[in-house]
Amino acid sequence: MDSKLFMEIALGVITILGAIFTCVLVPYLKEKRAYKWVVKAVYAAEQIFKGSGLGEKKKEYVLEFLEDKGIKINEDQLDILIEAAVGKLNLSKVEG
């Protein structure tokens with residue numbers, strides 16, 4: 001095989017892998033990181049703000065916590081992640 005052709009093929013493969021990494025893997029890892037921090041923040045908020053009717057304070061705490069970590073997500077995403085984290089917390093209470 002001609003070395004120039006081999007280099008062109010290798011460069012093409014590297015370019016494709018880079019695009020996959022940038023478009024698929026990086027957003028996935030960011031989402032996993034955000035969820036991990038949301039879970040921790042929700043658990044903390046549940047410990048700090050005990051009682052009913054404090055959902056907005058808890059949500060505000062979670063949002064500030066994420067901002068401190070440099071995680072920026074929109075409100076719809078935040079709501080989904082909080083619901084998932086609360087579900088996980090409630091499930092662990094039932095199992096525990």
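Everything numeric in this text was worked out from a predicted model, so none of it was measured.
- With sequence neighbours excluded, the residues that form a side chain to side chain contact (heavy atoms under 4.5 Å, CB included) with Tyr43 are Val39, Lys88, Leu89, Ser92.
- Closest approach of Ala34 and Leu81 over heavy atoms only: CB-CD1, 4.3 Å.
- Contacts of Leu63 classified as side chain to side chain contact (heavy atoms under 4.5 Å, CB included), with partners at least two apart in sequence or in another chain: Glu67, Leu78.
- Here the side chains of Ile20 and Leu25 are not in contact, with every heavy-atom distance at 4.5 Å or above.
- Partners of Gln47 according to the side chain to side chain donor-acceptor pair (under 3.5 Å) rule, which considers only residues two or more places apart in sequence or in another chain, do not exist here.
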I'd like a table of donor-acceptor pairs (distance under 3.5 Å, sequence neighbours excluded) in which one partner is a side-chain atom from residues 8-18, with atom names and distances.
from: Thr15; atom 1: OG1; to: Leu11; atom 2: O; distance (Å): 2.8

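- The list of ring-ring contact (aromatic ring centres under 6.0 Å, His included) pairs with a residue in residues 63-88, not counting sequence neighbours, reads Trp37-Phe65.
- Residues Ile73 and Ile71 meet the side-chain proximity criterion, which asks for heavy atoms closer than 4.5 Å.
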In a table with atom names and distances, give each donor-acceptor pair under 3.5 Å that connects a side chain of residues 54-62 to protein atoms at least two apart or in another chain.
from: Lys58; atom 1: NZ; to: Glu46; atom 2: OE1; distance (Å): 3.3
from: Lys58; atom 1: NZ; to: Glu46; atom 2: OE2; distance (Å): 3.3
from: Lys59; atom 1: NZ; to: Glu75; atom 2: OE2; distance (Å): 2.9
from: Lys59; atom 1: NZ; to: Asp79; atom 2: OD1; distance (Å): 2.7

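- For Lys32, the side chain to side chain contact (heavy atoms under 4.5 Å, CB included) partners at least two apart in sequence or on another chain are Tyr28.
- More than 12 heavy-atom neighbours from other residues, nucleotides or ligands sit within 6.0 angstrom of CD on Gln77.
- With sequence neighbours excluded, the residues forming a side chain to side chain contact (heavy atoms under 4.5 Å, CB included) with Asp76 are Asn74, listed by chain and number.
- Taking NZ of Lys69 as the reference point, atom NZ of Lys36 lies at 8.0 Å (rounded to 0.5 Å).
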